[in-house]
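The structure under discussion appears below in the form of structure tokens.
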Amino acid sequence: MFPRVRFAPSPTGVLHIGSVRTALFNWLYARHNGGKFLLRIEDTDKVRSTEQNTKLIFEILEWLGIDWDEEPVIQSTRLTRHREVAETMVEEGTAYRCCCSPEELAAKKEKALSNGKPYKYDGTCRDRNITNLQSVIRLKSKLDGNTKVTDLVQGSVVVENSQLDDIVLLRSDGTPTYMLSVVVDDHDMDITHIIRGDDHLTNTFKQIQIYEACGWTTPSFAHIPLIYGPDGAKLSKRHGAASAVDYRELGYLPETISNYLLRLGWSHGNDEIISRAEAIEWFDLKNIGKSPSRFDMKKLQNLNAHYIRQRDNASLLSYMLPFLKEQISEAEEKRLLRGMDDLKARAKTVVDLAEATTVYVEAPTHYDDACSKYATDIHIALLHDVVSVLDGISGSVTEEQIAQSIKELAEQQGVKLIEIAQAMRAALCGRLVSPSVFQIIEIIGIKETVNRINSFMAYTNCK
RNA sequence: GUCUCCUUCGUCUAGGGGUCUAGGACACCGCCCUUUCACGGCGGCAACACGGGUUCAAAUCCCGUAGGAGACGCCA
């Protein structure tokens with residue numbers, strides 16, 4: 001039998017990077033086992049759910065190449081079904097109506113807590129046979145014995161039923177709670193394996209009781225550890241970036257995110273760079289670790305640098321275009337394409353890459369302070385020499401030709417190449433870090449090079 | 001507070017009784033390459049939380065302790 005798994009995010013916030021990992025694991029599980037990967041939007045909290053968040057969920061999954069197999073289920077459209085199940089449970093005696101007011105319950109809870117006792121609904125309405133439809137419906141949970149989960153990641157976990165509460169299934173306004181709707185939907189969607197964050201582990205016991213009360217087969221569970229920030233607390237905004245959208249905007253490639261997330265908490269021997277095909281071939285729940293892991297930005301960056309280098313220049317260029325501050329012409333695009341090899345060896349993110357491209361499209365708008373080191377009389381004299389050398393070269397030139405001529409010049413003048421090269425870099429780029437100056441000249445051409453050098457000399461002259 | 005889970009270099013992890021003087025990757029530090037910065041190459045630093053067992057033998061199995069995390073809503 002082929003597994004059916006699902007990813008069931010709630011659009012009450014921007015898609016968390018940890019949720020993305022859950023989606024990935026579910027997807028890989030389905031693809032590895034020839035099963036189906038389904039999507040369900042859990043939008044029953046109408047107040048906090050937004051269209052924008054829902055849109056972003058689809059967008060991010062597409063961006064990552066995580067495709068789904070059937071029409072996504074929108075949970076809010078299934079309200080009638082949820083209600084129906086709750087009513088049936090009341091009829092069958094596995095649930096009951098409760099008319100304790102929220103205020104009463106809050107008071108009881110406060111009292112219990114102040115006495116240092118664990119709070120649990122006291123079961124006041126459990127056997128009262130209330131018919132008032134304004135009441136909530138609670139699960140009549142088992143009072144003794146225990147409930148066991150054989151989790152595919154966590155192993156066998158047992159909880160005493162006395163610990164479990166009579167949870168609310170249907171609110172007084174007739175809408176289902178999360179506990180009810182997940183169980184009903186997972187059952188109706190024929191979900192065989194539930195792979196989700198381990199913050200749901202304790203919910204599982206309550207949910208199993210609902211499955212049993214309804215006489216449904218419980219699916220298999222796999223609770224994967226959460227992702228934490230560098231300080232060990234749940235990864236959130238204050239750690240910098242917690243949503244998948246953030247990472248996309250920061251210039252991380254989708255293949256980087258997939259690979260990183262896969263490797264976080266899961267391993268296949270010593271493999272670090274894992275292609276999509278390998279991931280599908282190798283993925284197995286058995287290799288998921290049980291301990292939580294911290295998100296390491298440096299490692300993410302390193303991986304991203306790897307994938308940037310690995311992309312072919314044309315696709316990298318088109319991916320980068322939206323990151324550019326200004327639109328560029330076709331001629332400029334060609335320049336960037338030529339310079340891409342040099343550019344991509346240095347970039348950690350696409351944002352870096354986009355920023356670094358400016359040397360190929362425009363003259364420096366300002367010069368870094370460090371450049372003044374190469375604005376001495378000696379350097380200016382050398383730059384004059386460079387200009388004469390370049391003027392002597394006609395037509396299109398290659399990087400090698402230019403390098404050759406400049407090396408000869410250095411030799412003639414009895415200076416080290418670095419002195420000339422850095423002065424040229426300051427003039428051409430306005431800073432002392434850039435791709436090869438000879439390569440830059442090849443791409444921007446002699447004329448523009450001479451212009452930039454002249455501007456630099458004029459600028460130092462004014463100072 | 002109650003319940004549940006977790007614990008190998010700073011971080012992600014390999015390992016599942018002897019092959020472990022614990023392997024890899026990122027980070028960090030050197031050196032090499034070099035027109036800068038990167039890339040790349042070579043090398044270095046660095047961990048089995050603690051205490052008891054079991055065993056000829058324990059990072060690996062068992063029990064405690066400590067620390068960390070999660071769940072305890074008419075949120076999902």
Side-chain angles (χ1 to χ4, degrees), chain A residues 8-13 42-45 47-49 75 98 100-102 105-106 109 112-113 115-120 135-138 149 151 154-155 157-160 162-165 167-173 175-179 181-182 197-206 223 225-226 228 230 232-234 260 263-273 289-303 305 309 341-348 356 370 403 406-407 410 416-426 429 431-438:
Chain A
S10 141
T12 50
E42 306 217 321
D43 59 342
T44 50
D45 184 342
V47 183
R48 293 192 296 151
S49 297
Q75 194 162 58
C98 162
C100 296
S101 73
L105 295 173
K109 183 174 180 179
L113 255 33
N115 290 339
K117 290 192 173 153
Y119 172 74
K120 197 182 140 180
S135 56
V136 301
I137 293 181
R138 285 183 185 273
V149 185
D151 193 279
Q154 306 289 336
V157 185
V158 184
V159 159
E160 294 300 318
S162 60
Q163 294 296 328
L164 271 20
D165 209 350
I167 48 163
V168 172
L169 301 174
L170 203 71
R171 300 184 190 108
S172 50
D173 65 357
T175 60
T177 62
Y178 163 76
M179 289 298 172
S181 45
V182 247
D198 72 3
D199 48 341
H200 285 293
L201 185 60
T202 48
N203 287 337
T204 308
F205 300 95
K206 298 167 189 169
H223 286 95
L226 266 21
Y228 296 85
K234 231 175 174 176
Y260 182 75
R263 194 59 191 69
L264 195 63
W266 178 88
S267 60
H268 182 266
N270 281 335
D271 294 304
E272 295 288 345
I273 304 294
K290 292 169 89 170
S291 54
S293 31
R294 298 181 188 206
F295 198 89
D296 182 359
M297 206 55 119
K298 283 281 177 58
K299 188 158 180 171
L300 214 218
Q301 276 181 359
N302 178 275
L303 246 197
R309 273 175 260 132
D341 278 333
D342 243 34
L343 244 27
K344 73 184 191 184
R346 283 157 241 274
K348 293 217 183 302
I406 301 297
K407 278 175 187 162
K416 286 190 174 165
L417 180 59
I418 187 172
E419 296 300 325
I420 302 181
Q422 284 297 72
M424 289 167 74
R425 198 180 312 279
C429 312
R431 54 167 130 166
L432 299 181
V433 173
S434 82
S436 156
V437 281
F438 308 129

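In the text below, chain A, chain B and the rest are named by the order of the sequence lines, each starting its count at 1. Reckoned from all heavy atoms, side chains included, excluding hydrogens, waters and symmetry mates.
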* P-based separation of B/C9 from B/A14 [nearest Å] -> 12 Å
Sub-3.5 Å pairs of nitrogen or oxygen atoms, protein against nucleotides 18-23 of chain B:
unit_1 : atom_1 : unit_2   : atom_2 : d
B/G23  : N2     : A/Asn270 : OD1    : 2.7

* Using the test side chain to side chain contact (heavy atoms under 4.5 Å, CB included), find all partners of A/Lys407 that sit at least two apart in sequence or belong to another chain. => A/Leu417
* Separation between the C1' atoms of B/C48 and B/C6, rounded to whole Å -> 15 Å
* Determine which nucleotide pairs with B/C28, using a 3.5 Å limit on both distances of a Watson-Crick or G-U wobble pair. => B/G44
* How far does the C1' atom of B/U21 sit from the matching atom of B/A59, given to the nearest Å? -> 14 Å
* Which base sits across from B/A22 as a Watson-Crick or G-U pair, both distances under 3.5 Å? -> none
* Quote, to the nearest angstrom, the P distance that separates B/C31 from B/U36. => 15 Å
* To do: Summarise protein proximity over nucleotides 28-48 of chain B in one line of letters, 5' to 3': B for base, S for sugar-phosphate only, - for none, counting protein heavy atoms closer than 4.0 Å.
  => -------BBBSSS--------
* Taking atom P in both B/C12 and B/A27, compute the distance separating them and give it to the nearest angstrom. => 15 Å
Could you pull out the protein-nucleic contacts involving nucleotides 61-68 of chain B (nitrogen or oxygen on both sides, under 3.5 Å)?
none

* Structure fact -> Between A/Gly265 and A/Glu160, whichever has its closest RNA chain B nucleotide further toward 5' is A/Glu160
* Asked: When every nucleotide of nucleotides 70-76 of chain B is labelled 5' to 3' by its protein contacts under 4.0 Å (heavy atoms), B for base, S for sugar-phosphate only, - for none, what sequence of letters results?
  -> BS-SBBB
* To do: Not counting sequence neighbours, which residues clear ring pair (Phe, Tyr, Trp, His ring centres under 6.0 Å) with A/Phe295? List them please.
  => A/Tyr247, A/Tyr260
* In whole angstrom, give me the gap between the P atoms of B/C61 and B/G16. => 10 Å
* Give the rounded distance in Å between these two atoms: NE2 of A/His268 and P of B/A14. => 12 Å
* Taking the P atom of each, how far is B/G51 from B/C45, in whole Å? -> 25 Å
